[in-house]
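On a predicted model such as this, the values are computed, not experimentally measured, just so you know. All chains are named by letter (A, B, ...) in the order of the sequence lines, taking the proteins before the strands, and each is independently numbered beginning at 1.
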Protein chains: 2
Amino acid sequence: MSERDDSTPRAVTMRDVAQAAGVSVSTVSHVVNDKKGARIGKEARERVQRAVQELGYRPNAMAKVLVKGHSRFLGLVADAIASTPFAGQIIRGAQDEAWRHGYVLLVANTEGNEAAETEAIAMMLEHKVRGVLYSAWYHREVEPPAGLTETDCVLVNCFAPGGDLPAVVPDEVAGGYEATRMLLAEGHRRIGFINTTSPSPAHDGRLEGYRRALTDAGVSFEPDLVVDARPDQEGGFEAIGPLLAQDVTGVFCHNDRVAMGVYDGVRERGLRVPGDLAVVGFDNQEVIAAHLRPPLSTVALPHYELGRVGVRVLLGLDQPADDGRVVVGCPPVHRASVNVTAGVNGPPAAPH
Amino acid sequence: MSERDDSTPRAVTMRDVAQAAGVSVSTVSHVVNDKKGARIGKEARERVQRAVQELGYRPNAMAKVLVKGHSRFLGLVADAIASTPFAGQIIRGAQDEAWRHGYVLLVANTEGNEAAETEAIAMMLEHKVRGVLYSAWYHREVEPPAGLTETDCVLVNCFAPGGDLPAVVPDEVAGGYEATRMLLAEGHRRIGFINTTSPSPAHDGRLEGYRRALTDAGVSFEPDLVVDARPDQEGGFEAIGPLLAQDVTGVFCHNDRVAMGVYDGVRERGLRVPGDLAVVGFDNQEVIAAHLRPPLSTVALPHYELGRVGVRVLLGLDQPADDGRVVVGCPPVHRASVNVTAGVNGPPAAPH
DNA sequence: CTGAAAGCGCTAACAT
DNA sequence: ATGTTAGCGCTTTCAG
């Protein structure tokens, strides 16, 4: 199974190295950590390095933590690691940034289970994490578990009632604005908006952005052009009918899945995207958006950034605004569902 | 930001508790860990428990590791945490199973970067992990990095040349067999297979399964009904034409994205799924499969299981076969793309 | 029933 | 230029 040696696979310690090199442990410590102020003879240094090589010495991170008094761990508790590709991006962003600063991520996914959450946080606290990121897979208000008060904590893709905890969240309003702009920019004036039925920051923010974009373009807001639907394919499929009946020429969908349903509905009627109807989504969910026919113009949810900025705030590298928030932009992604000539990025090569 | 106290936020240790409770540290240790053989007076025990509560004592996991000689860490190095929802499932499966046995996962995603990989493994080794899972996001042969020989290691969703490392992999052959069976069971006899262009265990295994299923059903294999295409929407879209021209009534697609492209191609011709063409995918990629119109019958890639079984093998709970492999089944998922009356599971409610 | 003490692997003064 | 030593917070004999 592995190259473990014989009877007592006791790990090789610093003392073993010292012994083999014929020096003291502190000397070994100095050369291994490449300490600045330490003057070690070229001679001895080499002997130590050789011994390290030969014995295959690996420093014990735990022992180090113990003496230094603080670990290089960062906790990340996620409510849904799996249900969606999104959480993965948050983790990746957090991981990359943590790594860059010498931190290791302790990830726990709780699937919303409160007991698991408490246990996960206890685990992190016992590992003396430098702080923890508490994240949600979709932007919403959360009630952070009690244990979190025992350490530094920043909320990612969610926020707490009081507003006392720093929160890193996507800019829903700007996102909705951008999405609507994409349609406006192509000359559309009757623009439908299929929003979600569930009350949420996304619901309110994107609507707000839609209205503002309309206003800024001198187009009056028509309540009838906004319909709420289940935020998935079925919802989009059903919602597009009424909108088409009102002669919209473009539609902004609450998310890419809704847009996917809209595509189906449009096809069902023998119509075409974008010729008969221009469509813009939200989320930029790769599997869907980039590979629909035609590829879907959309606005990206910045999950990677969210994770990344989350650790930056945790480490004190970025400062939240006065309201405790850091708002991350949602960049527009131009593809062919608004204007045939616009989207030029063909889908990337796919493996397996 | 957090409830840190004053100047020196020194953590409360066991000694503090001992002092507060008026007992010795060893007594505290005994009651905190609920040691079996320890006879502690009801009286003292209560004092300790109270002190623990009041001081908010949290045991230091690092110190514990140091004295016990081994950690409760399991490493998981993944090549692509994010590019796909798949890796997320592997992590989740591993996490759940690890957790169940009191282990904590140290996750590192390397995005295929070799330096990151080496560094990640070094990090894990320094944390004295009990072992590490090396995983790939799509089933393939890998060259596990050298550092892994220093600890127990099991391969997940991949395998090594020599076959010396235990490997947990999906049963591609059985999967291909199942997929084909779904079509055969509905009476189809001219069944196309859109395979992938990239050579891989998936390519060979699924083809093998397809052939076996045909043979077992007394249908002769026709090479012309098998076409290789890019394993995505575009590939499926283009490949379906030639197949339709050969009067296939059903098609087995290398994956769900290919099936998505096939749907488009079928629609383009004014045809219907499953009426004019029955379609079966592979992967069971939720976002796609469950929400296509009609919902796609497919075969699931058992990522969660792969991760779960990976840690079981690592912990010695499951034994690999003589060839070092543990093969995990790919269960068929019946939806409406083969037989209208078959798929009954409407898409689940979707949040946000 | 409870406490004293050794020591896990390492770092950081402090000696030499 | 290098060695000695005292802990970091905890578990675990071994004595009382």
Which of parallel (below 30°), tilted (30 to 60°) and perpendicular (above 60°) describes F73(A) and F73(B)? tilted
Under-4.0 Å salt bridge between R140(B) and D79(B): yes
Any Lys/Arg nitrogen of R50(A) or E46(A) sitting under 4.0 Å from an Asp/Glu carboxylate oxygen of the other? no
Please round to 10 degrees the angle between the axis of the first five pairs and the axis of the last five pairs in the helix from dC1(C)-dG16(D) to dT16(C)-dA1(D). 50°
Tell me whether Q49(B) at atom CD has more than 12 heavy atoms from other residues, nucleotides or ligands lying less than 6.0 Å away. yes
Describe the nucleic acid contact of V23(B) in one word from base, sugar-phosphate, nothing, applying a heavy-atom distance below 4.0 Å. sugar-phosphate
Report the residues that fulfil side chain to side chain contact (heavy atoms under 4.5 Å, CB included) with I90(A), sequence neighbours left out, ordered by chain and then residue number. S135(A), V156(A), N157(A), H303(A)
Run the side chain to side chain contact (heavy atoms under 4.5 Å, CB included) test against A116(B) and tell me which residues pass, sequence neighbours left out. T110(B), N113(B)
Treat primed atoms plus P, OP1 and OP2 as sugar-phosphate and everything else as base, then score nucleotides 7-16 of chain C 5' to 3': B for base contact with protein heavy atoms under 4.0 Å, S for sugar-phosphate contact only, - for none. BBBSBB----
Would you say T149(B)'s side chain and A146(B)'s backbone share a donor-acceptor pair under 3.5 angstrom? yes
For chain A, the stretch of DNA chain D it reaches, first to last nucleotide, under 4.0 Å of its heavy atoms: dA1(D) to dG9(D)
Does V311(B) form a side chain to side chain contact (heavy atoms under 4.5 Å, CB included) with L76(B)? I'd like the steps, not just the answer. CA-CA 9 Å; V311(B) 342; L76(B) 168 42; over 6 Å; no
What pairs with F159(B) under ring pair (Phe, Tyr, Trp, His ring centres under 6.0 Å), at least two apart in sequence or on another chain? H139(B)
For a quick check under 3.5 Å, do Y304(A) and R92(A) share a side-chain donor-acceptor pair by atom type? no
